[in-house]
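Let me give you the structure first, and then I'll get to my questions.
Hydrogens, waters and symmetry mates play no part in the numbers below; they use all other heavy atoms, side chains included. Naming: A, B, ... by sequence-line order, numbering from 1 per chain.
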There are 2 protein chains.
Amino acid sequence: MPDQAGGSTATESRREELLRIAADLFASKGFRNTTVRDIADAAGILSGSLYHHFDSKESMVDELMRTFQAELFAAYDEILASSDDARTKLERAVRLSFDTIERRGAEVAIFQNEAATLGASERFGYLAERNRQSRDVWVTLLTEGVQSGALRPDLDITLTYRFIRDTVWVAVRWYRPGGPHTATQVADQYLTILLDGIAKGTPHA
Amino acid sequence: MPDQAGGSTATESRREELLRIAADLFASKGFRNTTVRDIADAAGILSGSLYHHFDSKESMVDELMRTFQAELFAAYDEILASSDDARTKLERAVRLSFDTIERRGAEVAIFQNEAATLGASERFGYLAERNRQSRDVWVTLLTEGVQSGALRPDLDITLTYRFIRDTVWVAVRWYRPGGPHTATQVADQYLTILLDGIAKGTPHA
DNA sequence: GTCTATATACTGATAGAC
DNA sequence: GTCTATCAGTATATAGAC
């Protein structure tokens with residue numbers, strides 16, 4: 001059977017090309033604000049031709065989100081399964097987020113902006129499930145951190161989880177790869193604030 | 001001239017009632033995803049009747065955003081003009097955000113979710129202007145904080161501003177008035193993390 | 001894999017009666 | 001202030017030719 005050199009690869013790459021064009025448009029204009037004609041125009045074809053590759057506009061965003069989430073959670077699993085200490089795991093999870101914003105900015109933006117709306121339909125129920133998984137990851141990391149003595153014992157785990165979850169992803173609104181900061185630099189600054197705060201002096205008294 | 005008891009007040013309150021219904025729908029479903037029929041249904045009237053009160057759907061969100069921004073920046077101005085010390089001003093600005101989420105959650109959500117899209121049209125150019133004003137407020141507060149010795153001198157002001165700006169508003173995604181936390185409690189926890197960090201021990205060494 | 005042509009439904013908005 | 005009726009524009013999606 002033909003594999004790498006066959007027609008299948010060319011078909012796949014065209015499909016992925018269209019998916020990438022759609023992702024960028026969904027991310028910048030919003031899913032509902034992006035028409036199939038917008039996508040087709042950007043790809044240099046007519047809107048009807050898109051349906052040779054995809055069932056519907058919804059299928060496109062579905063495929064984008066499934067692929068993205070699978071990749072992201074594989075990375076989370078690797079961190080959780082590692083033998084790093086609690087603080088290192090937390091730092092790695094934070095860095096993973098900023099790294100993901102750099103590599104998969106469109107998908108992050110789509111998930112952040114559309115998950116609530118898309119999640120209303122049954123087809124996207126897995127988005128809510130992924131949200132639960134994500135909460136478990138962060139709560140586990142924070143609990144480990146408190147138990148190991150790396151983090152302050154008086155933390156409200158739930159509120160802290162929400163702050164971290166929100167803040168590590170919201171940078172997708174302004175972060176641009178190739179801009180004045182690298183993802184690593186942003187992660188460094190964020191970790192400094194998150195771990196030690198912005199106040200001067202000796203806190204935690 | 002009839003004022004409080006006249007027909008004008010009744011007209012105004014109906015208008016505000018419709019505006020409130022629209023705000024809640026725009027906030028939960030998104031501006032583009034909300035049809036004029038949705039708004040009319042929720043108000044118990046037919047879509048055409050809405051146009052007796054408003055020129056267009058766009059006019060509704062425009063009025064919502066203008067009113068909201070005017071109110072918010074009046075509160076910022078009061079903090080800036082006060083004689084409080086730098087750290088108190090910063091704390092007040094943070095608390096103002098969470099308080100605004102509690103009192104004007106729909107408007108905050110609309111602004112957070114739609115400002116980028118709406119801002120593309122000239123009619124909503126003031127949203128970008130308000131964004132600039134907001135940046136000036138936070139940068140001023142942070143700079144004062146560093147100069148007065150209240151904040152760490154090694155802070156990257158621009159990055160710190162972005163983190164604070166994003167994080168004080170993003171809680172609108174999950175905060176619900178009447179839920180397990182008050183806005184004050186959330187602000188307390190957030191300020192603790194922001195000022196002193198989540199790590200145990202003596203940082204800033 | 002793309003185009004031509006078009007079905008079908010929805011959307012914001014209007015005009016005039018009540 | 002709301003309803004009836006409806007228009008014009010736009011949206012997703014389809015069928016079959018090339």
Side-chain angles (χ1 to χ4, degrees), chain A residues 2 5-26 28-65 110 114 117-118 120-124, chain B residues 2 5-26 28-65 110 114 117-118 120-124:
Chain A
S8 169
T9 299
T11 301
E12 274 304 290
S13 73
R14 180 54 168 158
R15 186 186 174 80
E16 278 159 32
E17 190 183 345
L18 294 171
L19 222 37
R20 173 92 339 252
I21 289 167
D24 290 340
L25 286 168
F26 292 158
S28 62
K29 305 179 46 167
F31 177 70
R32 192 58 151 59
N33 265 307
T34 303
T35 70
V36 291
R37 282 176 233 270
D38 289 335
I39 303 169
D41 284 353
I45 58 177
L46 290 183
S47 63
S49 306
L50 273 179
Y51 291 84
H52 173 73
H53 302 276
F54 302 95
D55 281 347
S56 64
K57 192 175 94 163
E58 206 177 50
S59 293
M60 300 186 82
V61 76
D62 187 24
E63 189 167 331
L64 282 167
M65 288 299 97
I110 295 167
E114 318 286 350
T117 318
L118 292 176
S121 89
E122 194 164 350
R123 176 173 195 172
F124 294 93
Chain B
S8 169
T9 299
T11 301
E12 275 305 287
S13 73
R14 179 55 167 160
R15 187 188 171 80
E16 278 159 31
E17 190 183 344
L18 293 171
L19 221 37
R20 174 91 342 249
I21 289 167
D24 290 340
L25 286 168
F26 293 159
S28 62
K29 304 178 49 168
F31 177 71
R32 195 57 154 59
N33 264 309
T34 303
T35 69
V36 290
R37 284 172 178 82
D38 290 334
I39 303 170
D41 284 354
I45 58 176
L46 290 182
S47 63
S49 307
L50 274 178
Y51 292 85
H52 173 72
H53 303 275
F54 303 96
D55 281 348
S56 63
K57 191 175 94 164
E58 206 178 49
S59 294
M60 302 186 81
V61 76
D62 187 24
E63 189 167 331
L64 282 167
M65 290 298 96
I110 296 167
E114 319 286 350
T117 319
L118 292 177
S121 90
E122 192 164 348
R123 176 172 195 171
F124 294 93

side-chain hydrogen bond (donor to acceptor under 3.5 Å, both in side chains) against B:S59, all qualifying residues, sequence neighbours excluded: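 B:S59 satisfies side-chain hydrogen bond (donor to acceptor under 3.5 Å, both in side chains) with B:S56, B:R123 once adjacent residues are dropped.
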Distance, rounded to the nearest Å, where A:L46 contributes CG and D:dT12 contributes P: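 That distance rounds to 15 Å.
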Rounded to whole Å, how long is the line connecting atom CG of A:L50 with atom P of C:dT2?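 So the two atoms are 9 Å apart, to the nearest Å.
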Which dot-bracket notation, 5' to 3', represents the base pairing of DNA chain C when pairs are defined as Watson-Crick or G-U with both distances under 3.5 Å, crossing pairs as [ ], and inter-strand pairs as |? |||||||.||||||||||
Whole Å only: how far is the CG atom of B:D41 from the C1' atom of D:dT2?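 Rounding to the nearest Å, CG of B:D41 and C1' of D:dT2 are 14 Å apart.
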Provide the closest heavy-atom pair for A:L46 versus A:A40 in the form atom of the first, atom of the second, distance.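 Looks like C-CB, 3.5 Å.
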A:R14 side chain near C:dT2 phosphate (N/O to OP1/OP2, under 4.0 Å):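 Answer is yes, contact under 4.0 Å.
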Set of residues satisfying ring-ring contact (aromatic ring centres under 6.0 Å, His included) with respect to B:F124, sequence neighbours excluded: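 Residues passing ring-ring contact (aromatic ring centres under 6.0 Å, His included) with B:F124: none at all.
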Sequence neighbours excluded, which residues qualify as side-chain hydrogen bond (donor to acceptor under 3.5 Å, both in side chains) partners of A:S49?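 Testing A:S49 for side-chain hydrogen bond (donor to acceptor under 3.5 Å, both in side chains), a comparison that skips the adjacent residues, returns none.
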Kindly give the heavy-atom pair with the smallest separation between A:T34 and A:K57, and that separation in Å.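 Scanning both residues, the minimum pair turns out to be O-NZ, 2.7 Å.
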Residues in salt bridge (Lys or Arg N to Asp or Glu O under 4.0 Å) contact with A:E114, at least two apart in sequence or another chain: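 In terms of salt bridge (Lys or Arg N to Asp or Glu O under 4.0 Å), with neighbours along the sequence ignored, A:E114 is linked to no residue.
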Nearest-angstrom distance from the residue atom CD1 of B:I21 to C1' of D:dG1: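 It works out to 14 Å between those atoms.
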Rounded to whole Å, please give me the gap between CD1 in A:I39 and P in C:dT2.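 These atoms are roughly 14 Å apart.
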With B:D38 via salt bridge (Lys or Arg N to Asp or Glu O under 4.0 Å) - residues at least two apart: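 Partners of B:D38 under the salt bridge (Lys or Arg N to Asp or Glu O under 4.0 Å) test: B:K29.
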Would you tabulate the nitrogen or oxygen pairs shorter than 3.5 Å linking the protein to nucleotides 11-15 of chain C?
{"residue": "C:dG12", "atom": "OP1", "partner": "B:T34", "partner atom": "O", "Å": "3.4"}
{"residue": "C:dG12", "atom": "OP1", "partner": "B:K57", "partner atom": "NZ", "Å": "2.8"}
{"residue": "C:dG12", "atom": "OP2", "partner": "B:V36", "partner atom": "N", "Å": "2.9"}
{"residue": "C:dG12", "atom": "N7", "partner": "B:R37", "partner atom": "NH1", "Å": "3.2"}
{"residue": "C:dG12", "atom": "O6", "partner": "B:R37", "partner atom": "NH2", "Å": "3.3"}
{"residue": "C:dA13", "atom": "OP2", "partner": "B:Y51", "partner atom": "OH", "Å": "3.0"}
{"residue": "C:dA13", "atom": "OP2", "partner": "B:K57", "partner atom": "N", "Å": "2.9"}

In whole angstrom, what separates A:H52's NE2 from C:dC3's C1'?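 Taking atom C1' of C:dC3 as the reference, NE2 of A:H52 is at 13 Å.
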To the nearest Å, how far apart are A:K29 NZ and D:dT10 C1'?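 Nearest whole value for this atom pair: 13 Å.
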Could you list the residues that satisfy side chain to side chain contact (heavy atoms under 4.5 Å, CB included) with A:A42, not counting sequence neighbours?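 Partners of A:A42 by the side chain to side chain contact (heavy atoms under 4.5 Å, CB included) criterion, ordered by chain and then number, come out as A:I21, A:L25.
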How many whole angstroms separate atom CZ of A:F54 from atom P of C:dG1?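 Atom CZ in A:F54 sits about 11 Å away from atom P in C:dG1.
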Which residues pass the salt bridge (Lys or Arg N to Asp or Glu O under 4.0 Å) test with B:D24, sequence neighbours left out?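 B:D24: salt bridge (Lys or Arg N to Asp or Glu O under 4.0 Å) contacts with B:R20.
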